Number of protein chains: 2
Amino acid sequence: MELFYHPNPEKGVFAAEESKHIAKVLRYEIGDRIALTNGKGTRFSGRVTDNNFLALKFQVESQHTAEPLKPAINLIVAPLKHQDRMEWLVEKVVEIGVANIYFWPTQRAEKQKPKLERFEKIAISAIKQSKQDWLPKIALIGSLSDVPLATINLIAHLEEGTENRTIPSQLSNKPESINVLIGPEGDFTQQEINQALALKYQAVTLGTNVLRTETAAMVACASIRQHYFTVGN
Amino acid sequence: MELFYHPNPEKGVFAAEESKHIAKVLRYEIGDRIALTNGKGTRFSGRVTDNNFLALKFQVESQHTAEPLKPAINLIVAPLKHQDRMEWLVEKVVEIGVANIYFWPTQRAEKQKPKLERFEKIAISAIKQSKQDWLPKIALIGSLSDVPLATINLIAHLEEGTENRTIPSQLSNKPESINVLIGPEGDFTQQEINQALALKYQAVTLGTNVLRTETAAMVACASIRQHYFTVGN
């Protein structure tokens, strides 16, 4: 069953764009069952009461609240040069399941500003697609210290000193949250690595293949999520 | 250092398109060091002897052969509707490191033929990017039994009966090869699942989030690769 997003399902009516999609493209009719998430953990179930193309109305019949995925994964990543690769990154890590995405403009990263509004739309689409009830937050940070430390804090970089410290080898049982830091093409500067290490980030490696930034981010998040799915946290 | 691809480095000369890129865009000059892979496991190192835009020549000075990544991952995946999503899939799993990609047109998959030549170009670009010496093979199969069984054979499907059988939980130590089967949007048919189970494929789950086909393929390959990178196979 299709899942829709509505920030305030209590209002009982969709805005024009979504109304048109539900009524005209998906052809929902009065009385049809409809499922919504508010992106803040609650799933609503109800029925369409008016399939107006401009203001589709619905009546909520039941709701339940879901726990966020544990551990919370906070991805901290350098902005990319190519907008499409950055959009792909957002879509994929949201599908996999993250709590926060922070774009950190590191010294060797691209200078253009990430389009946060566009990314939020992609994230909404991805939680609908993957049937999740928590919408990840996406933000631009000025400094690494803007991000609160997590239970486990990892930095994947290409400098010496990460040998055999893979992500799975650094994962303890049942952490509340994990920060994972992925650098730009050209890697972090030594100064940035030192700053992260001083903040107690652990250096890890993603293997012998040289991964693009967006691939590294996806691999790190997938590997963490699959690990904890396995140990059943 | 940039890595180039040449199917037959013994010839000592690049075709026009690659010559133009190396000489004109990257501005390689006579005497510059150059690194090439033949995609069949051998890395060549040499120097440019003629930076002609149409036929760049080089002299090989040394070569060494690399072992393929172990275990060999053979991805078997249903063709997707969107060409761009299929291209992403190829690029990302090649970066992560696979031996073979087989497109299997399952009953619920899109009917259009995968563009294998285009995918090969993407795969070449991805091994150059990720500094690998083995070019994965990409093929279209008619039946699942066209793919030789591996040491471990996995099928990720959405039907009942995969609870808690995650990919990491099904990975034994030091397999030679792993087949992993990823279904189309709409999943495999029960008949296809039965066929795979009869061939001794083990059913696995990728977690509670509903992943798009291309995401599922990348998550599966990433999770296998990170697992064995950890145990040092």
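The figures here come from the full heavy-atom set of this structure, side chains too, leaving out hydrogens, waters and symmetry mates. Proteins come first, then strands; the chains are lettered A, B, ... in the order of their sequence lines, and each starts at number 1. Given the structure is predicted, the values throughout are model-derived calculations rather than measurements.
- No other option in A:Glu91, A:Gln129, A:Lys131 has as many heavy-atom pairs under 4.5 Å with chain B as A:Gln129.
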Apply the test side-chain hydrogen bond (donor to acceptor under 3.5 Å, both in side chains) to residues A:Asn209 and B:Gln132: give CA-CA distance (whole Å), side-chain angles for both, the deciding distance (0.1 Å), then the verdict. CA-CA 7 Å; A:Asn209 291 359; B:Gln132 297 180 79; 3.1 Å; yes

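- Around atom CD of A:Gln190, more than 12 heavy atoms belonging to other residues, nucleotides or ligands sit under 6.0 Å away.
- Heavy atoms of other residues, nucleotides or ligands lying less than 6.0 angstrom from CD of A:Glu110 number more than 12.
- Between chain A and the options B:Ala222, B:Ala216, B:Gly207, heavy-atom pairs under 4.5 Å are most frequent for B:Gly207.
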Apply side chain to side chain contact (heavy atoms under 4.5 Å, CB included) to A:Leu69 and B:Thr208, showing your working. CA-CA 10 Å; A:Leu69 284 174; B:Thr208 49; 4.1 Å; yes

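- Summarising the local packing, CZ of B:Arg108 is surrounded by more than 12 heavy atoms from other residues, nucleotides or ligands at distances under 6.0 Å.
- Within a 6.0 Å radius of CZ in A:Arg85, more than 12 heavy atoms belonging to other residues, nucleotides or ligands are found.
- For the pair B:Lys92 and A:Trp88, the cation sits on the ring face: its NZ or CZ lies under 6.0 Å from the ring centre, inside 45° of the axis.
- Separation of atoms OG (A:Ser223) and CD1 (B:Ile224) is listed at 12.5 Å; rounding is to 0.5 Å.
- Between atom CD of residue B:Gln226 and atom NE2 of residue A:His227 there is a gap of 12.0 Å, rounded to the nearest 0.5 Å.
- For chain A, the nearby parts of B:Arg212 are the backbone and the side chain; heavy atoms of each come within less than 4.5 Å.
- Counting non-hydrogen atoms of other residues, nucleotides and ligands closer than 6.0 Å to NZ of B:Lys40 gives a total above 12.
- Counting heavy-atom neighbours within 6.0 Å of B:Glu185 CD, excluding the residue itself, gives a total of 12 or less.
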